[in-house]
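First comes the structure, then the notes that go with it.
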Amino acid sequence: MLNKINRLKAEIESLKASTAEEIEVLRIKYLSKKGEISQLFNDFRTVAAEQKREVGKLLNELKELAQNKINELKEEQGNGSQEVCPIDLTRTSYPVRLGTRHPISLVKNEICDIFGRLGFSIAEGPEVEDDWHVFSALNFADDHPARDMQDTFFIQRSPDVLLRTHTSSVQTRIMEHSTPPIRIICPGRVYRNEAISYRAHCFFHQVEALYVDKNVSFADLKQALLFFAKEMFGPDTKIRLRPSYFPFTEPSAEMDISCNLCGGKGCAFCKHTGWVEILGCGMVDPNVLEACGIDSNVYSGYALGMGIERITNLKYQVKDLRMFSENDQRFLEEFVSAH
Ligand code: DAH
């Protein structure tokens, strides 16, 4: 019996196998119910009582050796010939950090949504423009001082290539290629040569709205403005129109809304007037319609334009315009919305 144990021990220690099948054959040979080691356990009954202790110990050690060897072979075989899957499918996923929308985008989308409900569709135009679309077609005379109202970044002179100073240029582009009815809302970035401070930047964003059709009147404009103000700032918002001047509208007006911080009572934000200015508007000047090939005897229209930063400030009370372009994540992460 002892001899057999020693022989098997030596045999098992030097076992080799390269495939799963070979390993299985060895397992059956030594460890299965009818395997060599089980046979030895059966024969154990015949061992003399005084030897039982010693032989029993050796037998158990042999069995353990065989099990370890088989496991070792399995492991070697697994590492060697089989591709180990590099992906741990049981690992939990990394937490996904969702980004947030930029406050300017949130407000832009909201403005577009509101005008969308009035039937306006979105139109866009280029940021690098020519003089005609930004100024001349919009009734700015060559030597008109209004051109100085907007400090223009010129890329090239004669012919003039420039960065658009307002989204009114999109009006021109749409009108010259379409026949009324035209009902568009044009969001976009604009550029002006301004010193950067908490209240001015060399680029900012505007939304322009244009409606041209037969019999469009100032009353239509006023109604659209009131609807917009209430949708944007709440149902209690009041509006007020003040006469103003823009080369491309006649008559022109500026619209104030009741200060939504103090409810119109007067505070530092509204300079204690109870009103804050939010946009420019007016009836499209017949010269502009004609310049774009639209018969001003048949059609009339209204237009309005507003700065998105200004509306955003009113909604979220951002004190410093520069925050919008500094990419400070602590600031940006404060804006979470479905828009
Ligand atoms: N384009 C003007 C600006 O940048 C804003 C504006 C005023 C647009 C009146 C309009 C308008 O369409 O009717 O200051």
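Model, not experiment: these values are computed from the prediction. Order of listing sets the numbers, starting from 1, for every ligand and every atom in it.
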Euclidean distance, Glu208 CD relative to Gln171 CD, rounded to 0.5 Å: 4.5 Å

Taking 4.0 angstrom as the limit and counting only heavy atoms of Glu208, give me the atoms of ligand 1 inside it, by number and element. 8 (C), 10 (C), 12 (O)

Can you sort out which atoms of ligand 1 are near Gln171, meaning under 4.0 Å from one of its heavy atoms? 12 (O)

Which atoms of ligand 1 are found less than 4.0 Å from any heavy atom of Ala303? 12 (O), 13 (O)

Could you give all pairs that pass the ring-ring contact (aromatic ring centres under 6.0 Å, His included) test and reach residues 286-306, with sequence neighbours left out? Tyr211-Tyr302

Is the Lys NZ or Arg CZ of Lys52 less than 6.0 Å from the centre of Phe44's six-membered ring, within 45° of the axis? yes

Below 6.0 angstrom between ring centroids: does that apply to His166 and Phe248? yes

If we set the cut-off at 4.0 Å for heavy atoms, which region of Leu279 has an atom near ligand 1: side chain, backbone, both, or neither? neither

Are Glu309 and His205 close enough that a side-chain donor and a side-chain acceptor fall under 3.5 Å? yes

Nearest-0.5 Å distance that lies between atom NZ in Lys4 and atom CG in Leu59: 10.0 Å

With sequence neighbours left out, the residues meeting side chain to side chain contact (heavy atoms under 4.5 Å, CB included) with Asp88 are Thr90, Arg91

Proximal ligand 1 atoms for Gly282, defined as those under 4.0 Å from one of its heavy atoms: 13 (O)

From Arg192, Met283, Glu254, Met255 - option closest to atom 3 (C) of ligand 1 by heavy atom: Arg192

Subset of ligand 1 atoms that lie under 4.0 Å from at least one heavy atom of Gly280: 7 (C), 9 (C), 11 (C)

Proximal ligand 1 atoms for Ser168, defined as those under 4.0 Å from one of its heavy atoms: 1 (N), 8 (C)

Basic-acidic side-chain contact under 4.0 Å: Glu277, Arg310: no

Does Cys281 approach ligand 1 within less than 4.0 angstrom via side chain, backbone, both or neither, non-hydrogen atoms only? backbone

Mark the output for Tyr302 as yes if a heavy-atom distance to ligand 1 is under 4.0 Å, and as no if none is. no

Atoms of ligand 1 under 4.0 Å from any heavy atom of Thr249, numbered from 1 in the order shown, are 13 (O)

Distance alone, cut at 3.5 Å: any donor-acceptor contact between the side chains of Glu11 and Tyr30? yes

So the atoms of ligand 1 within less than 4.0 Å of a heavy atom of Gln206 turn out to be 3 (C), 4 (O)

May I ask whether Met306 has any heavy atom positioned less than 4.0 angstrom from an atom of ligand 1? no

